[in-house]
Amino acid sequence: MPDNGEIRYCQRFSYFVLKFTLCAYAVGWWLIGGFILAIGIYAEVERQRYKTLHGVFLAPSIILILLGILMFVVSFIGVLACLRDNLTLLKVFMYTLAVCLLLELLGGILGLLFRNQTVGLLNKSIRKGIVNYYDDLDFKNLMDFVQKKFKCCGGQEFTDWEVNMYHNCSAPGPLACGVPYTCCISPKPNEVANTMCGYKVLDKERLGLIDTIHIRGCTDAFFIYLMDNYKIMAGLLLGILLPQFFGVIISWLYITRIEDAIEEYGHQTDTLLAEEREARKNGRVAKWFRCMPEYN
């Protein structure tokens, strides 16, 4: 039967394993959050310089900044909590991860249950972006990429381009009643693309344009792509959700371990809240952090 020394060694070992794992997890996401925030700030500075993207909802820079701030702040709380064994910060970190995870799951479920409303909202956002297509370089680049990648045109259908002042059939100029060349069927290899291939297509019959432009809307094309590549999408979804679930579990285990130590030994060293105490002989790592629950 193991003696008391062996039991304490096992407890200390589990403590250090959980502490190291949680700190490495929090530091990793802290650095990633800072990197995403830096990219978002740089993109926003460039956007403001060229006065692009009037629709903030579709601004990649705004999305990156918000995501980066959230990841940076939450991960910093986790780093601080695991270094100091602060139960309050540890619980804030764990509950924040759990809430974000639940919100993502809830959002995905609601998106599936109300698919028609989700598609309608997406089409409405795309039409707003099409209005400022030539004045909004970020959206223009994004829309051109989507139309080339998914072989589609517009949001719900190719006629969405009528809302653009340059492509409207009543507008003057060569772009009137046409669509951007990214809607056109890709030319053969080594063949020069005709940038005016979408000329005067909005006043023609749909079936007569099959060999000229992609008549399918991009929202339908995107969802068809998701269905055709469901394994990749499932892997991507797990790659987003599993790390958060792992963070919740490891935080819960670490909180439980500290609470058990406090209950057993009656106190806990926390240099954030308590006066600095002389570290006991609990090993070099314990002396370094000065935060391991003290043993009698």
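Quick caveat: nothing in here was measured; it's all calculated off a predicted structure.
Residues forming a side chain to side chain contact (heavy atoms under 4.5 Å, CB included) with Val131 (at least two apart in sequence, or on another chain): Val163. Taking the ring-ring contact (aromatic ring centres under 6.0 Å, His included) definition, one finds that Tyr134 meets it with Tyr166, His167, sequence neighbours left out.
Taking the six-membered ring where the residue is Trp, Phe150 and Tyr225 present perpendicular rings, their angle passing 60° and hence far from 30°.
Connection of Phe245 to Phe93 is established within a shared hydrophobic cluster, with ILVMFWY side chains joined at heavy-atom distances below 4.5 Å, either directly or through further cluster members. When hydrophobic clusters are built by joining Ile, Leu, Val, Met, Phe, Trp and Tyr residues whose side-chain heavy atoms come closer than 4.5 Å, directly or via intermediates, Leu241 is grouped together with Met94.
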Chi angles and distances behind the salt bridge (Lys or Arg N to Asp or Glu O under 4.0 Å) call for Glu157, Arg216: CA-CA 6 Å; Glu157 56 182 353; Arg216 182 172 57 185; over 6 Å; no
side-chain contact (heavy atoms from CB on, under 4.5 Å) between Asp203 and Lys200: does it pass, once the steps are laid out? CA-CA 6 Å; Asp203 59 354; Lys200 296 293 183 180; 4.3 Å; yes
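Taking 4.0 Å as the cut-off between side-chain N and carboxylate O, Asp144 and Lys148 do not count as a salt-bridged pair. A salt bridge links Lys91 to Glu259: one of the charged nitrogens lies within less than 4.0 Å of a carboxylate oxygen. For Lys140 and Asp135, the salt-bridge test fails: no basic side-chain N is under 4.0 Å from an acidic carboxylate O.
Remark: Cys153 SG to Cys218 SG, distance not under 2.5 Å.
For the pair Tyr254 (side chain) and Thr21 (backbone), a donor-acceptor distance under 3.5 Å is absent.
Other residues sharing the hydrophobic cluster of Met227, ordered by chain and number and joined by side-chain separations under 4.5 Å: none, the residue standing alone.
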